[in-house]
Amino acid sequence: MSEPFVLKTPARKALGLGVLLVLAILSCRADAMPANGGNTVQGFYDALLNTMKSGQTLGRSGRFTQLQPVVHRIFDIPSMARLSVGSSWATLTEAQRQQVTESLGRYISAIYADRFDSYSGQKLQVTGEQPAGAGLMVRSQIVKVNGEPVNVDYMMRRSGDSWLIADIYLDGAISELATRRSEFSAILKNGGVDGLIAALDHKAGILISR
């Protein structure tokens, strides 16, 4: 009978180190993979729900302060600003682009602070996702207090190791970017970029203070 195969000590050590190395590589690859797009949207919804539950205590300005950093972290605001402005973007200076981006981020944050002001049992939930062009489309529902569901889809773009919200579709058809681009075009035509920045800041101010 042949003797059972037994690794000598040096060989066992080498094999052990090899296994550890493979596990470390796999772990690094897993860490390097971008976060799930649905998780990004659900994280945003969780932040909205937390704010809503303290909505009356916080007030509009408090809700805005709480939501603004979340919006800046989860939304691809620079891309949204560029696409909303359209062809006029190419004519703007870097300083003007930065101003438009900052004003748009403030305006978006103010909208959510105004609309999601209190909690009465609403549900905000991700229902699925699917590839869409160069990104992902995340499906979700906002279920009102009366049980009526509102379908909200999020176009996600990959940014490094994260997925960011690049556009929002209400009931699967109405693009917020397309709507905003139409509004911005009229403002830019009449008041230029300074008029657009002033309009965004004015609208945000009204939403936060009213």
Side-chain angles (χ1 to χ4, degrees), residues 37 40-86 97-120 122-126 137-145 148-157 163-188 191 193 195-210:
T40 298
V41 174
Q42 191 59 59
F44 177 52
Y45 279 171
D46 291 344
L48 281 178
L49 284 169
N50 288 334
T51 302
M52 290 164 67
K53 290 175 181 178
S54 303
Q56 299 305 306
T57 303
L58 290 169
R60 283 187 174 83
S61 60
R63 294 195 300 271
F64 172 80
T65 300
Q66 192 159 308
L67 288 175
Q68 187 179 31
V70 179
V71 168
H72 277 270
R73 185 174 69 250
I74 290 179
F75 284 70
D76 189 356
I77 296 176
S79 173
M80 295 173 79
R82 176 175 55 82
L83 293 174
S84 295
V85 169
R97 292 176 180 178
Q98 184 64 31
Q99 284 181 298
V100 172
T101 301
E102 290 177 358
S103 294
L104 178 61
R106 186 168 181 264
Y107 177 48
I108 292 173
S109 302
I111 289 174
Y112 282 101
D114 177 60
R115 291 180 183 174
F116 294 84
D117 57 349
S118 61
Y119 179 75
S120 303
Q122 301 95 323
K123 294 180 181 178
L124 286 67
Q125 56 198 21
V126 171
M137 185 69 78
V138 174
R139 312 286 184 187
S140 79
Q141 282 189 340
I142 297 177
V143 183
K144 298 180 181 180
V145 178
E148 178 187 352
V150 178
N151 296 319
V152 183
D153 299 336
Y154 294 86
M155 175 60 71
M156 313 294 293
R157 299 296 184 193
W163 288 98
L164 301 180
I165 297 171
D167 196 5
I168 303 172
Y169 293 83
L170 185 62
D171 289 328
I174 305 171
S175 162
E176 282 202 4
L177 271 182
T179 302
R180 198 172 288 129
R181 183 167 180 168
S182 177
E183 294 175 353
F184 287 10
S185 176
I187 297 172
L188 286 166
V193 66
L196 175 60
I197 293 168
L200 288 171
D201 289 342
H202 178 67
K203 289 181 179 181
I206 292 175
L207 291 172
I208 296 168
S209 61
R210 74 181 183 184

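These numbers come from a predicted model, not from an experiment.
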Heavy-atom pair of closest approach, residues [X] and [Y]:
{"X": "Ala166", "Y": "Met80", "result": "O-CG, 3.4 Å"}
{"X": "Val100", "Y": "Ala81", "result": "CG1-CB, 4.3 Å"}
{"X": "Gly43", "Y": "Ile74", "result": "C-CD1, 4.4 Å"}
{"X": "Ser109", "Y": "Val71", "result": "OG-CB, 3.5 Å"}
{"X": "Ser103", "Y": "Ile197", "result": "OG-CG2, 3.5 Å"}

Look up atom [atom1] in [X] and atom [atom2] in [Y], then write down how far apart they are to the nearest 0.5 Å.
{"X": "Ile142", "Y": "Lys123", "atom1": "CD1", "atom2": "NZ", "value": "14.0 Å"}
{"X": "Ser79", "Y": "Ile165", "atom1": "OG", "atom2": "CD1", "value": "12.5 Å"}
{"X": "Leu207", "Y": "Ser61", "atom1": "CG", "atom2": "OG", "value": "13.0 Å"}
{"X": "Arg63", "Y": "Asn50", "atom1": "CZ", "atom2": "CG", "value": "14.0 Å"}
{"X": "Gln141", "Y": "Asp153", "atom1": "CD", "atom2": "CG", "value": "10.0 Å"}
{"X": "Leu49", "Y": "Leu124", "atom1": "CG", "atom2": "CG", "value": "4.5 Å"}

[Y] backbone acceptor or donor facing [X] side chain under 3.5 Å:
{"X": "Gln42", "Y": "Val126", "value": "yes"}
{"X": "Thr40", "Y": "Trp163", "value": "yes"}
{"X": "Ser140", "Y": "Val152", "value": "yes"}
{"X": "Gln68", "Y": "Ala110", "value": "no"}
{"X": "Asp167", "Y": "Leu177", "value": "yes"}
{"X": "Thr51", "Y": "Ala47", "value": "yes"}

Audit row: Tyr169, Met155, side-chain contact (heavy atoms from CB on, under 4.5 Å) steps and yes/no
CA-CA 8 Å; Tyr169 293 83; Met155 175 60 71; 4.2 Å; yes
More than 12 heavy atoms of other residues, nucleotides or ligands under 6.0 Å from NZ of Lys53: yes or no?
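Result for NZ/Lys53: enclosed.
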Any side-chain heavy atom of Phe75 within less than 4.5 Å of one from Leu104?
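Not touching, per the 4.5 Å side-chain cut-off.
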Sub-4.5 Å side-chain heavy-atom contact between Ile77 and His72:
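Yes, their side chains come closer than 4.5 Å.
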Apply salt bridge (charged side-chain N to carboxylate O under 4.0 Å, His left out) to Arg60 and Asp114, showing your working.
CA-CA 6 Å; Arg60 283 187 174 83; Asp114 177 60; 3.1 Å; yes
side-chain contact (heavy atoms from CB on, under 4.5 Å) for Met156 and Leu164? Distances and angles first, verdict last.
CA-CA 5 Å; Met156 313 294 293; Leu164 301 180; 5.8 Å; no
Pair Arg106, Leu200 - check side-chain contact (heavy atoms from CB on, under 4.5 Å), show working.
CA-CA 8 Å; Arg106 186 168 181 264; Leu200 288 171; over 6 Å; no
Step-by-step side-chain contact (heavy atoms from CB on, under 4.5 Å) determination, Phe116 to Gln122:
CA-CA 10 Å; Phe116 294 84; Gln122 301 95 323; over 6 Å; no
